[in-house]
Enquirer: 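I am attaching a structure below and will ask some questions about it afterwards.
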Amino acid sequence: MEITLIRHFMTQGNIERRYIGTTDEPLLPGQPVRRRYPAAGAVAVSPLRRCMETAERIYPDVKKYVCRELRECDFGMFENKNYEELKDHPDYQRWLDSGGKIPFPEGEGMDAFCERCVKGFCNMTGRFIEEGCRTAAFVVHGGTIMAVLDRLAHHEEGFYHWQVKNGDGFRVKLDEEQWRRGVRRLTEIERL
């Protein structure tokens with residue numbers, strides 16, 4: 001099975017370099033689809049507007065499955081703020097000093113976030129396999145892509161190695177028989 005992981009198109013919060021997790025903002029208007037994306041027999045999508053709008057632009061005629069577990073991280077008290085607004089806040093400094101390892105104050109921890117995203121990805125992938133889908137796409141968030149690939153790609157590079165720009169992503173493959181047997185491994189990973 002071939003799966004394409006795509007980060008949503010650009011939002012105002014992305015331009016302003018804000019921590020946009022739970023904020024349900026729309027895409028910036030007038031962004032064209034600038035590349036040809038791989039075909040998909042089904043699309044899994046985060047329930048947040050920026051992903052839903054991106055999925056509709058890229059795959060207008062493909063059935064979409066909304067999956068709550070594929071949402072971006074809850075940044076808690078950092079939500080919708082940028083570095084300039086946070087740099088003098090002691091909780092932000094503590095979080096930076098931890099290398100992002102401690103949970104966001106009033107938000108989600110990295111381990112819980114990654115587990116949630118991987119669970120959503122695995123559930124949707126299992127569903128697509130059972131439905132006989134040979135190609136699928138996931139239109140999600142940058143953090144979601146990093147979480148899934150960090151846990152399932154079995155590479156040593158680490159979480160931030162998988163960072164992608166808006167509209168970019170990865171194409172991966174998996175062995176359906178192994179997946180059915182519980183071997184959760186992504187192979188042949190390439191950037192779009």
Enquirer: In this structure, are over 12 heavy atoms from other groups packed under 6.0 Å from Arg191 atom CZ?
Expert: yes

Enquirer: Relative to each other, are the rings of Tyr65 and Phe128 parallel, tilted or perpendicular (30° and 60° limits)?
Expert: perpendicular

Enquirer: When you measure from the side chain of Glu25 to the backbone N and O of Arg50, does any donor-acceptor pair fall under 3.5 Å?
Expert: no

Enquirer: Give the ring-plane orientation class for Tyr37 versus Phe9, where under 30° counts as parallel, over 60° as perpendicular and anything between as tilted.
Expert: tilted

Enquirer: So which of His89, Glu85, Glu84 actually passes side-chain hydrogen bond (donor to acceptor under 3.5 Å, both in side chains) with Lys87?
Expert: Glu84

Enquirer: Are Ile3 and Phe121 close enough, and set up right, to give a side chain to side chain contact (heavy atoms under 4.5 Å, CB included), and what steps lead you there?
Expert: CA-CA 11 Å; Ile3 296 175; Phe121 179 84; 3.9 Å; yes

Enquirer: State the CG-CZ distance between Leu192 and Arg36, to the nearest 0.5 angstrom.
Expert: 13.5 Å

Enquirer: First locate atom NZ of Lys81, then atom OH of Tyr92, and finally report the distance between them rounded to the nearest 0.5 Å.
Expert: 12.0 Å

Enquirer: How far apart are the C-alpha atoms of Arg171 and Glu188, what are their side-chain angles, what is the distance that settles it, and do they pass the salt bridge (charged side-chain N to carboxylate O under 4.0 Å, His left out) test?
Expert: CA-CA 8 Å; Arg171 188 168 30 198; Glu188 297 185 41; over 6 Å; no

Enquirer: With under 30° as parallel and over 60° as perpendicular, where do the rings of Phe104 and Phe75 fit, or are they tilted in between?
Expert: perpendicular

Enquirer: So Leu5 and Val164, side chain to side chain contact (heavy atoms under 4.5 Å, CB included) or not? Walk me through it.
Expert: CA-CA 10 Å; Leu5 297 157; Val164 293; over 6 Å; no

Enquirer: From Glu131 CD over to Lys63 NZ, what is the distance, rounded to the nearest 0.5 angstrom?
Expert: 7.0 Å

Enquirer: Stepwise, does the side chain to side chain contact (heavy atoms under 4.5 Å, CB included) test hold for Cys67 with Val140?
Expert: CA-CA 10 Å; Cys67 180; Val140 292; over 6 Å; no

Enquirer: Using a strict cut-off of less than 4.0 Å between a Lys/Arg side-chain nitrogen and an Asp/Glu carboxylate oxygen, indicate whether Arg185 and Asp175 qualify as a salt bridge.
Expert: no

Enquirer: Please determine whether the number of non-hydrogen atoms from other residues, nucleotides or ligands lying under 6.0 Å from atom CZ of Arg35 exceeds 12.
Expert: yes

Enquirer: Less than 3.5 Å apart, any donor N or O on the side chain of Glu79 or Thr23 sitting next to an acceptor on the other?
Expert: yes

Enquirer: Keeping the roles fixed (side chain from Thr187, backbone from Lys173), state whether a donor-acceptor pair exists under 3.5 Å.
Expert: yes

Enquirer: State whether the number of non-hydrogen atoms from other residues, nucleotides or ligands found under 6.0 Å of Arg180 atom CZ is greater than 12.
Expert: yes

Enquirer: Indicate yes or no for a side-chain donor-acceptor contact from Asp24 to the backbone of Arg49 under 3.5 Å, with no hydrogens or angles considered.
Expert: yes

Enquirer: Could you list all the side chain to side chain donor-acceptor pair (under 3.5 Å) pairs where at least one residue sits in residues 105-118, not counting sequence neighbours?
Expert: Glu108-Arg116, Asp111-Arg151

Enquirer: Are the charged groups of Arg94 and Asp97 less than 4.0 angstrom apart, N to O?
Expert: no

Enquirer: Any sub-3.5 Å donor-acceptor pair from Arg34's side-chain atoms to Gly167's backbone N or O?
Expert: no

Enquirer: Nearest 0.5 Å, what's the NE2-NE2 distance between His141 and His8?
Expert: 6.0 Å

